[in-house]
Structure formats: C-alpha cells, structure tokens
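Values reported hereafter were calculated over all heavy atoms of this structure, with side chains retained and with hydrogens, waters and symmetry mates removed. It should be emphasised that the depicted structure is a prediction, and the values quoted were computed from it without experimental measurement.
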Amino acid sequence: MASVGPPPTSTQPDLPSGIAVFLKIPYAFILPEIVFGTWVWILVAATSVSFPLLQGWVMYVSLTSCLISLLLLLGYLLGFHKNSENWKVLDSLYHGATAILYMSAAVLQANATIHSESGPNSPLYYQLNCAATFFAFITTLLYILHAFSIYYQ
C-alpha cells in the first residue's frame, strides 16, 4: 500500500530563461544595472577627469561590471544555466561583490564631484559629475537589491 502524503518538492532552482528573465525578480534588475552603469561610465568619460586615480577606478568598476552583467544577462537569455544551483550561487556572489565595488566607486565619484565645484568649466563638469554620482548610487542600490533578493529566494 502506498503512503499518501504531500508530493515531493523539487530542490532545483527555478531560474528563468529567455524573455522570462525580464519578468522575475531579482533577474529583472540586470538590465537596469547595465543601463545605469553605462550612464555612469559615459558621464565620467564626458568630464575633465581631474582626479585620474579616483575617477579611473569609477570607470573601471562601471565598465567591467557593465560587461560582466551583459554576459550574465546573455547567459540567462540563452539558458546557459540549465537550472543549476551553482549558477544561482555564482549570480549571488557576483552581485554581492559588485555591490561592494560599486559602493566604493560611488563614494569616490561623490568626492570627485565635491572637488569639481571649483575649477575651469566648473558648472558643466559639476553637473556631469553630479549625474554620474547619482547614477553610481542608484546602480549600487540595484546590485545590492539583486544580491539580497537572490540570497533570500
């Protein structure tokens, strides 16, 4: 006689593939991370880089994160994960580490913005740096939300 009980639950993660990536949290954060990170890179590149060490780090973090997030998005869209638990761990670790790096870049960009108030072409460069700082903090928030959302899934 078979025992009656609840159906067995699957321990496999439910990772989206294709267009479903854009509809499921936290994976829906990937595209805004890419877009806002690209804005950070473009805005910093449009300024007169007065502090190459500070803003060089901002450009490195934003460009590298943008490219890796783009590869991750393509991996999800094309279904490379094959619903593997390891892919979920990789995603969580990447977004957690990137959130920390982006926070450091956002703080350095804010410092560069403060110093760009006085100088040649200060109104234009100050406004560009303000926008870059704003987008850097928004991008940091998106990476943090993604990392914690996937962790608590």
Side-chain angles (χ1 to χ4, degrees), residues 3-47 49 51-116 126-153:
S3 93
V4 177
T9 59
S10 172
T11 59
Q12 289 286 73
D14 186 26
L15 299 175
S17 293
I19 301 300
V21 171
F22 301 114
L23 303 174
K24 188 171 180 187
I25 300 292
Y27 310 102
F29 291 134
I30 296 175
L31 191 60
E33 291 165 2
I34 293 169
V35 171
F36 290 141
T38 302
W39 273 110
V40 172
W41 179 69
I42 289 170
L43 290 167
V44 172
T47 66
V49 178
F51 305 97
L53 190 58
L54 301 180
Q55 291 181 300
W57 176 250
V58 174
M59 299 234 341
Y60 171 76
V61 169
S62 62
L63 185 59
T64 304
S65 301
C66 183
L67 292 174
I68 294 173
S69 292
L70 184 62
L71 289 173
L72 191 63
L73 177 62
L74 288 173
Y76 278 119
L77 288 174
L78 299 174
F80 288 155
H81 54 76
K82 297 181 180 151
N83 223 13
S84 170
E85 182 70 27
N86 294 336
W87 192 268
K88 189 175 174 182
V89 171
L90 172 77
D91 191 344
S92 180
L93 288 175
Y94 164 70
H95 281 89
T98 304
I100 293 168
L101 294 176
Y102 239 108
M103 179 58 82
S104 71
V107 169
L108 291 176
Q109 180 58 34
N111 185 26
T113 301
I114 291 168
H115 291 303
S116 71
Y126 179 71
Q127 291 170 353
L128 290 170
N129 280 323
C130 280
T133 301
F134 173 77
F135 284 118
F137 279 107
I138 293 297
T139 308
T140 302
L141 178 65
L142 287 169
Y143 277 105
I144 290 170
L145 288 174
H146 189 127
F148 280 111
S149 295
I150 202 164
Y151 179 74
Y152 285 114
Q153 231 180 12

Euclidean distance, Q55 CD relative to N111 CG, rounded to 0.5 Å: 9.5 Å
CD on E33 to OG1 on T38, rounded to 0.5 Å: 11.0 Å
Heavy-atom closest pair, residues L15 and N83: N-OD1, 2.9 Å
Pairwise distance CG(L54) to CE(M59) - rounded to 0.5 angstrom: 13.5 Å
L53 CG: over 12 foreign heavy atoms closer than 6.0 Å: no
Donor-acceptor contact below 3.5 Å, side chain K24 vs main chain D14: yes
Nearest atoms (heavy-atom pairs only) where I150 meets S92: CG2-CB, 3.4 Å
Heavy-atom donor-acceptor pair, H81 side chain to N86 backbone, under 3.5 Å: no
More than 12 heavy atoms from other groups under 6.0 Å of OH on Y60: no
Residue pair Y102 / S62, side-chain heavy-atom distance below 4.5 Å: yes
Pair W39 and F36, ring centroids less than 6.0 Å apart: no
Distance, nearest 0.5 Å, that separates CG of L77 from CG of L72: 10.0 Å
Near-ring test Y76/W87, centroid separation under 6.0 angstrom: yes
Separation of T98 OG1 from I144 CD1 (nearest 0.5 Å): 11.0 Å
L101 backbone acceptor or donor facing S104 side chain under 3.5 Å: yes
Sub-4.5 Å side-chain heavy-atom contact between D91 and Y27: yes
Expected output: side-chain T47 to main-chain V44 donor-acceptor under 3.5 Å: yes
Minimum side-chain heavy-atom gap Y143-S65 below 4.5 Å: yes
Aromatic ring pairing H146/H95, orientation class (parallel under 30°, perpendicular over 60°, tilted between): parallel
Nearest heavy-atom neighbours spanning L31 and L73: CD1-CD2, 4.2 Å
Please tabulate, for side-chain N and O atoms in residues 131-139, each donor-acceptor pair with protein atoms closer than 3.5 Å (sequence neighbours left out).
{"residue": "T133", "atom": "OG1", "partner": "Q109", "partner atom": "O", "Å": "3.4"}
{"residue": "T133", "atom": "OG1", "partner": "T113", "partner atom": "OG1", "Å": "2.7"}
{"residue": "T133", "atom": "OG1", "partner": "N129", "partner atom": "O", "Å": "2.8"}
{"residue": "T139", "atom": "OG1", "partner": "F135", "partner atom": "O", "Å": "2.6"}

Donor-acceptor side-chain pairing of S69 and Y94 below 3.5 angstrom: yes
Check: I34 and F29 side chains under 4.5 Å, non-hydrogen atoms: no
